[in-house]
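Quick note on labels: first sequence line is chain A, next is B, and so on, each numbered from 1. Keep in mind that this is a model prediction, so the values were computed, not measured.
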Protein chains: 2
Amino acid sequence: MRSRAIPEATVARLPIYLRALLDLAETQRALTVSSEELARLAGVNAAKVRKDLSYLGSYGTRGVGYDIEYLLYQITRELGLTQDWPTAIVGIGNLGRALASYKGFSERGFRIDALFDNSSEAVGEEVGGLIVRHLDELKDCVAESGLCIGIIATPPTSAQEVAEHFVDAGIKSILNFAPAMVNVPPDVNVRKVDLSIELQILSFYQQRTQAIAAAREANRRLNLPSA
Amino acid sequence: MRSRAIPEATVARLPIYLRALLDLAETQRALTVSSEELARLAGVNAAKVRKDLSYLGSYGTRGVGYDIEYLLYQITRELGLTQDWPTAIVGIGNLGRALASYKGFSERGFRIDALFDNSSEAVGEEVGGLIVRHLDELKDCVAESGLCIGIIATPPTSAQEVAEHFVDAGIKSILNFAPAMVNVPPDVNVRKVDLSIELQILSFYQQRTQAIAAAREANRRLNLPSA
DNA sequence: CCGACTTTGTGATTTGGCTCACAAGCTGCG
DNA sequence: CGCAGCTTGTGAGCCAAATCACAAAGTCGG
Ligand SMILES: NC(=O)c1ccc[n+]([C@@H]2O[C@H](COP(=O)([O-])OP(=O)(O)OC[C@H]3O[C@@H](n4cnc5c(N)ncnc54)[C@H](O)[C@@H]3O)[C@@H](O)[C@H]2O)c1
Ligand SMILES: NC(=O)c1ccc[n+]([C@@H]2O[C@H](COP(=O)([O-])OP(=O)(O)OC[C@H]3O[C@@H](n4cnc5c(N)ncnc54)[C@H](O)[C@@H]3O)[C@@H](O)[C@H]2O)c1
């Protein structure tokens, strides 16, 4: 067995390769793909693709490329997507509803199995083919149906509370959409998705280029050489 | 003027500090905050906070900490959030609707100003106080109301097409929710948010810990020393 | 005003990941 | 079979970012 330490940065790219390979497999233009082409599809450079794939083992053939089906299988296996991951969403508001009715998750092995809320309006409602249950039922539900992944889609003020419910129920992987930090024991893995942050980063770079353009314009008017 | 090159990693954390500071400012417990406390609130370590803030200038006071209001203002300015950024969403389906009715964006200076779709069902409908318009009107609309940021919330097959509409209309900052690469000219900034990828990364680490637990269990049964 | 204490700001070092460049290895053809 | 042409796999060097560690600069109590 080789060194079983795949760099984090590589893990984060495997799903991108996976998607690109699925697209390739569908359009059946060829049985193999070169690191060059995969790089183009994934939007990274070829050396990075090769290095990333080399952490999984030597699955390519020199002079030919990578067998698409085989590579698909290996990445799927490495990411743990050969099994389904029963997933629960807590907080069935605007975002929770969108997530609950999204087909793309189950296509990738994430079966949304249960929805929870604590408001009497939401509980009992049907969303995306599931009945919304009360948060209090979470623990029993995890015990019964072996839920593995928890998604937080409540307002930020409730995020910590919901995280604690998840931890208490034995869930070890949490995806948090609320713009708030949550504290959990070290054996629980939390990932945060913050959509506002992405916009703010865009804002930073856009402002910067606008500022540069404005400065250049000002210089031009003053007949100074551009910096 | 000091070295105007803020590391990317720092830029990505500024919004996190901003949020933490806003929380602090609301609960008015103190006028200043130490790097230690800010670090705790932001979920990073204190040295990193200090180094990040030092890129903006020396806004702290030794022995005391950082003035919350002043730091808030500086980060806001640095991120370009002293102005509003008129934003458009294309693709008013499940996700687009959730985004359109989300109040958190406008609170942070991202005013959702226009919604577009290309299906006759969606066009004309009212969502979050705005009338959905046809994608063909995008260019005129950008010219009129100076839209700055474009959000793609269409299926992946349409992502490239929508991106080209944005580019054609002169938009320089794009946030892409569709799981697909888009190619744009180098002066356009695209950020991608892929929710499935986050789940897949969780899956990887969960599978890994499960595998380790299973191996340990197997060893125990065989009366071998644990690895 | 002094000395104990707190907290910043930043050089120095370490770490992790990216890129380059090329030998190794495969294919196919004459 | 040998050679030309690809493409992988990976060591080496490079660069950005994380962390460390501490002097500098402030506060506060007496
Ligand atoms: N809607 C978006 O597009 C969007 C975008 C970015 C971030 N977010 C974030 O996602 C989260 C959800 O956003 P939303 O727009 O869906 O909000 P929402 O107000 O529409 O829905 C929140 C839901 O959570 C439920 N809830 C509240 N406290 C709860 C608790 N303790 N236990 C269980 N359920 C609880 C509420 O009953 C409600 O149904 C928020 O944190 C928001 O900041 C949303
Ligand atoms: N819904 C979710 O929770 C979720 C989660 C993760 C990712 N996504 C991604 O976000 C995107 C949108 O998801 P959704 O669930 O809202 O899909 P959806 O099918 O509900 O909505 C897509 C909308 O885009 C419109 N559209 C299609 N082609 C268009 C075009 N060329 N120009 C303008 N409008 C067009 C459609 O008319 C529809 O209204 C998808 O790419 C999806 O993969 C969604």
Separation of R191(B) CZ from S173(B) OG (nearest 0.5 Å): 10.5 Å
Near-ring test Y70(B)/Y59(B), centroid separation under 6.0 angstrom: yes
For atom CZ of R40(B) and atom C1' of dT7(C), their distance in whole Å: 16 Å
Neighbour count >12 (heavy atoms, 6.0 Å) for atom CD, Q83(B): yes
Electrostatic pair R208(B)-E78(A), nearest N-O below 4.0 angstrom: yes
Nucleotide of dG26(D), dA21(C), dA23(C) approaching A47(A) most closely (side-chain heavy atoms): dA21(C)
Between C1' of dT8(C) and CG of D67(B), the distance in whole Å: 15 Å
Check: S54(B) main-chain N/O paired with S58(B) side-chain donor or acceptor under 3.5 Å: no
For atom CG of D52(A) and atom C1' of dG17(C), their distance in whole Å: 10 Å
Shortest side-chain distance from N45(B), nucleotide among dT7(D), dT19(C), dT19(D): dT19(D)
Residue P7(A), side-chain atoms from C-beta onward, closest of dT7(C), dA21(C), dG17(C): dG17(C)
Interatomic distance where CG belongs to L53(B) and C1' belongs to dT10(C) [whole Å]: 13 Å
Exam field: side chain N176(A) to backbone A180(A), donor-acceptor pair closer than 3.5 Å: yes
Integer-rounded Å distance: dT7(D) C1' and R62(A) CZ: 9 Å
Contact under 4.0 Å: Y66(A) side-chain N or O vs dG9(D) OP1/OP2: yes
Shortest side-chain distance from R13(A), nucleotide among dT27(D), dC18(C), dA17(D): dC18(C)
Rounded distance (Å) that lies between atom P of dC20(C) and atom CZ of R50(A): 11 Å
Any S34(A) side-chain nitrogen or oxygen under 4.0 Å from OP1 or OP2 of dT7(D): no
Residue among V142(B), L135(B), I152(B), I171(B) satisfying side-chain contact (heavy atoms from CB on, under 4.5 Å) with H165(B): L135(B)
Which nucleotide in dT19(D), dG17(C), dT8(D) has an atom nearest any side-chain atom of K51(B): dT19(D)
Minimum-distance nucleotide (side-chain atoms of K48(B) versus dT19(C), dT19(D), dA21(C)): dT19(D)
Which atom of I201(B) lies closest to which atom of A12(A), heavy atoms considered: CD1-CA, 3.8 Å
Residues from residues 14-25 of chain A lying under 4.0 Å of DNA chain D - heavy atoms: none
Touch class at under 4.0 angstrom, heavy-atom based, for E8(B) against every strand present: sugar-phosphate
Nearest-angstrom distance from the residue atom CG of L56(A) to P of dT8(D): 14 Å
Rounded distance (Å) that lies between atom P of dT7(D) and atom CD1 of I68(A): 14 Å
From dG26(D), dT8(D), dT10(D), nucleotide with atom closest to S35(A) side chain: dT8(D)
